[in-house]
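Below is one structure, written out as structure tokens; comments come after it.
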Amino acid sequence: MSKTIIQPSAGWKVVDFQELWRYKDLLYFLTVRGIKARYAQSILGVGWAIIQPLFTTLVFTVVFGGLAKVDSDGMPYILFSYLALWPWNYFSGTLSESANSLVANAGMITKVYFPRLILPLAAIFSKLLDFIISFAVLLFLLIYFQVLPGWQVVFLPLLLIQLLACSLGIGMILSAMAVQYRDVKYALGFIVQLLLYGAPVVYSTTAVPEQYQFLYSLNPMVGVIEGIRAMFLSRPMPWEWIWPGAIVAVVLFVFGLFYFRRMERVFADVA
């Protein structure tokens, strides 16, 4: 009877994508399980994917658009904020889901072998359903305000790739850190709230002083949000906001892969 011994890797290792592909069925199962678990025994079910961003947008519209009179670049504030909340909610949701993915599945990690990267990937992919459903609300707002997207919408896949790269990169880093440092779980809500105001969700990038704009553009979500606003409102694409953040998103994704792989050897010991 043959025996296979699996030894922990040491140092910085490249992710075995062929191995990930062999476990694609497990990735699919965990993704579907994540979706079902989120809406299990819920009266409204996937309706929460519409209610949550819509009510958040209404609150922002009243507080920032109505009371604080924040500039919305000449567009209705509710549309201005929702175009930002659509990608932002996916980004913030993936951080929470992925950061807790390894700790929540500690039993699986200690009992059976599979590529550990599947857990944060499944957590991130399971949020795509909410992202797609939220898009339906965006279409309704565009129709209501009689706004027709421009030809720039062809760049949407590029911005979605940037969004995914950023979400995956930070998600892998946080999930690996959360296994060893449980403080990540408690600090995450505070961190996400801070990041919200570090992106142009409730305000326009024109409010950022010119001398800080390049530094500000290094936030990948800045280019994603401003790019989405531009393409759906038939405005010139703000490449000066997009390309710096795109580079940072790629760096985060690559570093996240290597960091996760490096920390993988200690997951079973501390999970």
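Model, not experiment: these values are computed from the prediction.
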From [X] atom [atom1] to [Y] atom [atom2], the distance as rounded to the nearest 0.5 Å:
{"X": "Y23", "Y": "Y113", "atom1": "OH", "atom2": "OH", "answer": "6.0 Å"}
{"X": "T205", "Y": "E240", "atom1": "OG1", "atom2": "CD", "answer": "8.0 Å"}
{"X": "I173", "Y": "L168", "atom1": "CD1", "atom2": "CG", "answer": "11.0 Å"}
{"X": "L174", "Y": "L102", "atom1": "CG", "atom2": "CG", "answer": "11.0 Å"}
{"X": "R33", "Y": "K36", "atom1": "CZ", "atom2": "NZ", "answer": "11.5 Å"}
{"X": "Q213", "Y": "L215", "atom1": "CD", "atom2": "CG", "answer": "11.0 Å"}

Looking only at heavy atoms, which two atoms of [X] and [Y] are closest? And how far apart?
{"X": "V103", "Y": "A178", "value": "CG2-O, 3.8 Å"}
{"X": "L159", "Y": "G223", "value": "CD2-O, 4.1 Å"}
{"X": "Q162", "Y": "I242", "value": "OE1-CG2, 3.7 Å"}
{"X": "I228", "Y": "P87", "value": "CD1-CG, 3.7 Å"}
{"X": "P200", "Y": "I225", "value": "O-CG2, 3.7 Å"}
{"X": "S167", "Y": "F91", "value": "OG-CD1, 3.5 Å"}

* If the plane angle is over 60° it's perpendicular, under 30° parallel, otherwise tilted; pick one for W243 and F214. => tilted
* How are the rings of Y216 and Y203 set relative to one another: parallel (under 30°), tilted (30 to 60°) or perpendicular (over 60°)? -> tilted
Can you check whether [X] reaches [Y] side chain to side chain, under 4.5 Å on heavy atoms?
{"X": "S81", "Y": "T61", "value": "yes"}
{"X": "L95", "Y": "L195", "value": "yes"}
{"X": "V192", "Y": "L196", "value": "no"}
{"X": "L79", "Y": "L233", "value": "yes"}
{"X": "L163", "Y": "C166", "value": "no"}
{"X": "T56", "Y": "L85", "value": "yes"}
{"X": "Y82", "Y": "P53", "value": "yes"}
{"X": "L141", "Y": "F232", "value": "no"}

[atom1] of [X]: more than 12 outside heavy atoms within 6.0 angstrom?
{"X": "E210", "atom1": "CD", "answer": "no"}
{"X": "F140", "atom1": "CZ", "answer": "no"}
{"X": "Y144", "atom1": "OH", "answer": "no"}
{"X": "Q152", "atom1": "CD", "answer": "yes"}

Would you check if the side chain of [X] reaches a backbone N or O of [Y] as a donor-acceptor pair within less than 3.5 Å?
{"X": "D73", "Y": "S204", "value": "no"}
{"X": "S98", "Y": "P120", "value": "no"}
{"X": "Y77", "Y": "V202", "value": "yes"}

Verify the cluster assignment for [X] and [Y]: are they in a single hydrophobic cluster under the rule of side-chain heavy atoms below 4.5 Å apart?
{"X": "L83", "Y": "L156", "value": "yes"}
{"X": "L194", "Y": "V63", "value": "no"}
{"X": "V59", "Y": "L54", "value": "yes"}
{"X": "W21", "Y": "I118", "value": "no"}
{"X": "L148", "Y": "M231", "value": "no"}

* Please determine which of F125, F135, F131 meets the ring pair (Phe, Tyr, Trp, His ring centres under 6.0 Å) test together with Y90. => F131
* To do: Taking side chain to side chain contact (heavy atoms under 4.5 Å, CB included) as the test, write out the residues that go with S96, two or more places apart.
  => L188
* Tell me, with the steps shown, if M172 and L117 meet side-chain contact (heavy atoms from CB on, under 4.5 Å). => CA-CA 8 Å; M172 288 184 291; L117 187 58; 3.2 Å; yes
* To do: For residues Y259 and F255, establish whether the separation of their ring centroids is below 6.0 Å.
  => yes
* Criterion side-chain contact (heavy atoms from CB on, under 4.5 Å) on F80 and F64, from CA distance to verdict -> CA-CA 11 Å; F80 172 84; F64 296 102; over 6 Å; no
* To do: Walk me through it: do L121 and L30 pass the test side-chain contact (heavy atoms from CB on, under 4.5 Å)?
  => CA-CA 9 Å; L121 285 177; L30 292 176; over 6 Å; no
* Check ring-ring contact (aromatic ring centres under 6.0 Å, His included) between F253 and all other residues, then give those that pass, not counting sequence neighbours. => none
